[in-house]
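Here the structure is laid out as structure tokens; the discussion comes afterwards.
Chain identifiers are assigned alphabetically (A, B, ...) following the order of the sequence lines, protein sequences preceding nucleic acid strands; residue numbering begins at 1 within each chain.
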Number of protein chains: 2
Amino acid sequence: MMFIEIDFNSDEAIYQQLCNQIIQGIATARIAQGDVLPSVRQLADEVGINMHTVNKAYSLLKQEGYVKVDRRKGAVISCSGQNKDEAKQIIRKDMTGILAQARCRGLTKEDIAELVNDIYNAFDEYDRVKEAGRPKV
Amino acid sequence: MMFIEIDFNSDEAIYQQLCNQIIQGIATARIAQGDVLPSVRQLADEVGINMHTVNKAYSLLKQEGYVKVDRRKGAVISCSGQNKDEAKQIIRKDMTGILAQARCRGLTKEDIAELVNDIYNAFDEYDRVKEAGRPKV
DNA sequence: CATCTGTTATATATAGTATATAACAGATGC
DNA sequence: GCATCTGTTATATACTATATATAACAGATG
């Protein structure tokens, strides 16, 4: 069922990779509002990692408002809680860091705009393909 | 001379904070092409951290192409080596992560465009203020 | 009641971070 | 030449973060 792939040679922590991929899964509508993530034990088995590592990722996602954990059902996707201004403020810091890097590397405002459009279109592209009934990757 | 400020309570590593702040310093033209960073020992004293921590930050900046280290002068700002396509590719991964977060939190393409413009203008704003001869923060 | 769920506790091994002390080679200025 | 600066390297230590392994508990399900 799952599209998670862990790079064990990455310098990014496994629980962070899990978080990021799940967030990208939501952004590309691979998983949607109301969907339930696998149980911590199930996903751990599936991916070949420890239960606690999955649990840490889920806890982080809960803390950041991407899922709500129900004892009965498990981790349910539920991202919408916050208002836009709050969301912008959260995004702003990371975005500032990246834009500083981009600028130092010679990218202009227009280059960034193009890149952002590109990525957003890729998100939508996946949505479209999914709607057409193609198999999930 | 320096605009570096370390948050010792942050969960971000000190050497990472150093890197980020120096990169942002370049983006806002607080420091420019050809300028020389303080020696590892000097900056370490100034900020109140260990020499090796500064050295690690400088090594990272060197590795990522932001400075060139000259045994005589020290760490010289020199960011321009790579072509745009290469730069875009480097930025793309981080940007994808942030945009996924932004989308999950309900931000639209337009919201992002506004945010990007905002941040870029803040960069330019600092440039303008600096040109006018205001004191450095 | 067996079996699933999240959650918590404890222990352990490994890696990353930050510090301290020390030394070396190259460059600079007196 | 010599003291003094530079980056660089080596070693050791303390602390924290990460990931794993076992184990147990309470609530919910069929």
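Within the 4.5 Å cutoff, side-chain heavy atoms of Asp124(B) are placed close to those of Arg103(A). Residues Ile77(B) and Lys68(B) are not in side-chain contact: their nearest non-hydrogen atoms beyond the backbone lie 4.5 Å or more apart. Side chains of Ile91(B) and Leu107(A) form a contact here, defined as non-hydrogen atoms less than 4.5 Å apart. The shortest side-chain heavy-atom distance between Leu37(A) and Val67(A) falls under the 4.5 Å cut-off. Residues Ile119(B) and Glu114(B) are not in side-chain contact: their nearest non-hydrogen atoms beyond the backbone lie 4.5 Å or more apart.
If you take CZ of Phe8(A) and P of dT14(C), they are 17 Å apart, rounded to a whole angstrom. Put simply, CG on Asn55(B) is 13 Å from P on dA18(C), counting in whole angstrom units.
Contact record, Lys88(A) with Leu115(B): O-CD2, 4.4 Å, taken as the closest heavy-atom pair.
Every side-chain contact (heavy atoms from CB on, under 4.5 Å) that Asn20(B) has, sequence neighbours left out, goes to Glu12(B), Gln16(B).
You can see that DNA chain D meets the heavy atoms of chain B within a 4.0 Å-exclusive cut from dT6(D) to dA10(D), reading 5' to 3'.
Backbone-only engagement by Tyr15(B) is indicated by non-hydrogen atom pairs under 4.0 Å involving sugar-phosphate atoms exclusively.
Where Asp11(A) and Val40(A) each meet DNA chain C at their nearest nucleotide, the meeting point lying more 5' is that of Val40(A). Across the interface with DNA chain C, nearest-nucleotide mapping of Glu12(B) and Tyr58(A) shows Tyr58(A) to be the residue nearer the 5′ end. Between Gly48(A) and Arg41(B), the residue anchored nearer the 5' end of DNA chain D, judged by the nucleotide with its closest heavy atom, is Arg41(B). Map Ile14(A) and Met51(A) each onto its nearest nucleotide of DNA chain D; the residue landing nearer the 5' end is Ile14(A).
Taking a pair as Watson-Crick or G-U wobble with both distances under 3.5 Å, the runs of three or more consecutive pairs in DNA chain C are C:1-24 with D:7-30, C:26-30 with D:1-5.
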Exercise answer: donor-acceptor pairs, residues 53-65 of chain B side-chain atoms, under 3.5 Å, sequence neighbours excluded:
| residue | atom | partner | partner atom | Å |
| --- | --- | --- | --- | --- |
| Tyr58(B) | OH | Pro38(B) | O | 2.7 |
| Ser59(B) | OG | Asn55(B) | O | 2.9 |

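Side-chain atoms of Lys109(A) and Asn121(B) form a donor-acceptor pair, as typed in the model, at a separation below 3.5 Å. For Ser39(A) and Arg41(A), the side-chain atoms include no donor-acceptor pair closer than 3.5 Å.
Taking every heavy atom of residues 17-24 of chain A and every atom of DNA chain C, no pair lies under 4.0 Å.
Sorted by first then second residue, the salt bridge (Lys or Arg N to Asp or Glu O under 4.0 Å) pairs that include residues 89-101 of chain A, not counting sequence neighbours, are Arg92(A)-Asp118(B).
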